[in-house]
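Take a look at the structure set out below.
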There are 2 protein chains.
Amino acid sequence: MKKPAKPTGRKLIPDDDDCPVRDVLAHLTSKWPMLILFALMEGPHRFLELQRRIENISKRMLTVSLRKLELDGYVQRTVYPESPPRVEYALTPLGESVTHPLINLIGWAQDHHDEIRQARTDFSEKVSNQG
Amino acid sequence: MKKPAKPTGRKLIPDDDDCPVRDVLAHLTSKWPMLILFALMEGPHRFLELQRRIENISKRMLTVSLRKLELDGYVQRTVYPESPPRVEYALTPLGESVTHPLINLIGWAQDHHDEIRQARTDFSEKVSNQG
DNA sequence: GTTATTGGTTACTAAAGGTAACCATTGTTT
DNA sequence: AAACAATGGTTACCTTTAGTAACCAATAAC
């Protein structure tokens, strides 16, 4: 059953699967994947190096996030058959490519962090004044 | 109890609350908030206009996402005391400002969407070949 | 033989995402 | 008058994701 035509405006995005916002960015821009990509910008890292580098990330979340980044082609995982095992994670060309728009966004966030925190304070005060 | 000094590398980010990635971007870049910001770039919208515009978003998710955007100062909510009620959502200057880095990111995602889907296919094949 | 290192996995709980039904108000249709 | 639609939500509920702590096998050092 097709959806009935909606009266107002046109669709913002054609379709769930074809929508880069939903399909690409939601994977990329959540908390841990972004921090992992930034760590890897400085060169390949081993698993526990990444964990030590990114405070407060658990092994599980690191594994899960790295797998997602590998799945989408941002990160290359290389296992060296040594003992204890050595596993290196490195950016692919696609991963390097995406760091540029992400760096812009990070820069914006740093520049406006105080402003956003002020907005949160103002909002709380406004709400409590209104009852 | 303070954490013992970690031996390898320095911290990527000083502290959870001071980290713009965790504090700013994770709020901003998830699926619905980004789509809402893009809709509002074309001008103020009413609640149900937004819902019709952004396919598959429920009223609850729209409310929740709009409240977050309002809290962080990206969106201004204005109630006109009419009946039936009229509520308009519009970008603040901060909200307009953040659209620029977000548009870059969207552009990247559109340009590389096929590449990412190919990477997913390749990864699935690689995994199934390895057993 | 206990400890530490490696790179994870498993079982579990807490939080967020998401749906369908409902609400009060007013205006329009029957 | 009764039913229906439109407004902008809220409530109760279920599902999916995020996140934690404990555990694992293999090897080397003490």
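A note on names: the letters A, B, ... follow the listed sequences, proteins ahead of strands, and every chain is numbered from 1.
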Taking the side chain of A:Leu48 as its heavy atoms from C-beta onward, which of C:dT6, C:dG8, D:dT7 lies nearest to it?
C:dT6

Once rounded to the nearest 0.5 Å, what's the spacing between atom CG of B:Leu40 and atom CG of B:Leu50?
5.5 Å

Residues at least two apart in sequence or cross-chain that pass ring-ring contact (aromatic ring centres under 6.0 Å, His included) with A:His112, listed by chain then number, are A:Trp108

Let me know the distance between CZ of A:Phe47 and P of C:dG7, rounded to the nearest Å.
8 Å

Under a 4.0 Å heavy-atom cut-off, which of residues 72-82 of chain B touch DNA chain D?
B:Arg77

With B:Arg86, which residues qualify under salt bridge (Lys or Arg N to Asp or Glu O under 4.0 Å), at least two apart?
B:Glu82, B:Glu88

With sequence neighbours left out, write down each residue that passes salt bridge (Lys or Arg N to Asp or Glu O under 4.0 Å) with B:Arg67, or none if nothing qualifies.
none

Would you mind listing every salt bridge (Lys or Arg N to Asp or Glu O under 4.0 Å) that reaches into residues 106-115 of chain B, with sequence neighbours excluded?
B:Asp114-B:Arg117

Over how many whole Å does the gap from A:Arg67 atom CZ to C:dT9 atom C1' extend?
11 Å

Restricting to salt bridge (Lys or Arg N to Asp or Glu O under 4.0 Å), what partner residues turn up for B:Arg120, sequence neighbours left out?
A:Asp23, A:Asp72

Provide, to the nearest angstrom, the distance between the NE2 atom belonging to A:His45 and the P atom belonging to C:dG7.
13 Å

Residue pairs involving residues 46-88 of chain A (criterion ring-ring contact (aromatic ring centres under 6.0 Å, His included); sequence neighbours excluded)
none

Between A:Leu62 (CG) and D:dT20 (P), how many Å, whole number?
12 Å

Under the salt bridge (Lys or Arg N to Asp or Glu O under 4.0 Å) rule, collect the residues that match up with B:Glu96, sequence neighbours excluded.
none

Using a cut-off of 4.0 Å between protein heavy atoms and nucleotide atoms, how would you tag nucleotides 13-26 of chain C 5' to 3' with B, S and -?
----BBB------S

C:dG8, D:dG9, C:dT6: which one has an atom nearest the side-chain heavy atoms of B:Val87?
D:dG9

